[in-house]
Structures are given as structure tokens and as C-alpha cells.
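Notes follow the structure.
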Amino acid sequence: MRLRVEFTTEPFDLDEAPAHAVVAREVVQSAELDAVDVGPFGNTAEGGADAVLAAVDALLRKTLEAGATRVTLQVNVVEEGEA
């Protein structure tokens, strides 16, 4: 099974990336995921179910430790042939 996770961390800071946003980027970029898209207002990552779920666990733990006050995420099953 393949999963896609979309997430944001708060609070936002438009002048400089807060520590929790930097940590979030590091977590998904170092995870064993097939596709990662990191942007200023939202992030997406995709891969096998085990890899995505492990990344979500690390993402939640590490961003909250780094000062995030809210993490919003959505996890979807990616159907075969869906890009």
C-alpha cells in the first residue's frame, strides 16, 4: 500500500523558517520516501505505508519538541496509477 501525507506546522513565520518547520523538512527529506515536496505553506510526502507512517511518527514527535503548537496532517491511500 502507498500513502501520501500532506502536513503543515504552526505557528507560521513569514520572515524566517521556525525551528519546527526546519525539523519537519529534515524529517521527511531523510525518511525513506519516494517523493517529497516541501513548500512554504504545505508539504507532501509519498511512499510505502511503513515508511510514511514511520515518518509521520517522527514528524509529530520532533516538530512538537522543536516548538510547533499545531501540526495539521492528512494521510491518503494512493490508488495504483495515481500520481
Side-chain angles (χ1 to χ4, degrees):
M1 176 185 327
R2 290 184 57 75
L3 299 175
R4 178 183 302 126
V5 61
E6 300 174 46
F7 66 92
T8 58
T9 61
E10 295 180 42
F12 294 115
D13 183 341
L14 297 178
D15 295 326
E16 183 178 331
H20 57 81
V22 173
V23 167
R25 181 175 57 230
E26 291 170 353
V27 167
V28 294
Q29 289 177 332
S30 67
E32 294 181 22
L33 301 169
D34 301 330
V36 174
D37 183 21
V38 177
F41 300 109
N43 310 284
T44 349
E46 188 175 310
D50 289 340
V52 170
L53 294 174
V56 167
D57 178 62
L59 174 78
L60 290 172
R61 293 174 189 278
K62 292 181 179 183
T63 57
L64 292 170
E65 289 172 1
T69 57
R70 177 183 298 195
V71 180
T72 305
L73 63 86
Q74 177 174 305
V75 178
N76 294 300
V77 174
V78 178
E79 298 295 334
E80 263 188 63
E82 185 180 339

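Residue numbers count from 1 along this sequence. The figures that follow rest on heavy atoms only: side chains count, while hydrogens, waters and symmetry mates do not.
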side-chain hydrogen bond (donor to acceptor under 3.5 Å, both in side chains) with D57: which residues, sequence neighbours excluded?
-> R61
Distance col, row E10:CD vs T63:OG1, nearest 0.5 angstrom, shows 11.5 Å
Pairwise distance CG(L33) to CG(L3) - rounded to 0.5 angstrom = 10.0 Å
Same cluster for V23 and F12 if Ile/Leu/Val/Met/Phe/Trp/Tyr side chains link at under 4.5 Å?
-> no
Measure across P11 and P18 and return the closest heavy-atom pair with its distance rounded to 0.1 Å.
-> O-CG, 3.7 Å
Between H20 and R70, is there a donor-acceptor pair closer than 3.5 Å when you use the side chain of the first and the backbone of the second?
-> no
For residues V52 and E46, report the shortest heavy-atom separation together with the two atoms involved.
-> CG2-C, 4.1 Å
Single-linkage hydrophobic cluster V22~V71, side-chain heavy atoms < 4.5 angstrom | no
Passing candidate, side chain to side chain contact (heavy atoms under 4.5 Å, CB included) with E6, options V75, D37, T72, N76 = N76
L59 side, atom CG; L64 side, atom CG - distance, nearest 0.5 Å | 8.5 Å
Note: A24 and T9 closest approach over all heavy atoms is CB-CG2, 4.3 Å
How far apart are the C-alpha atoms of V28 and N43, what are their side-chain angles, what is the distance that settles it, and do they pass the side chain to side chain contact (heavy atoms under 4.5 Å, CB included) test?
-> CA-CA 9 Å; V28 294; N43 310 284; 5.7 Å; no
Taking all heavy atoms of D34 and all of G48, pick out the closest pair and write down the distance.
-> OD2-N, 4.3 Å
Just jot down the salt bridge (charged side-chain N to carboxylate O under 4.0 Å, His left out) partners of R25, sequence neighbours excluded, or say none.
-> none
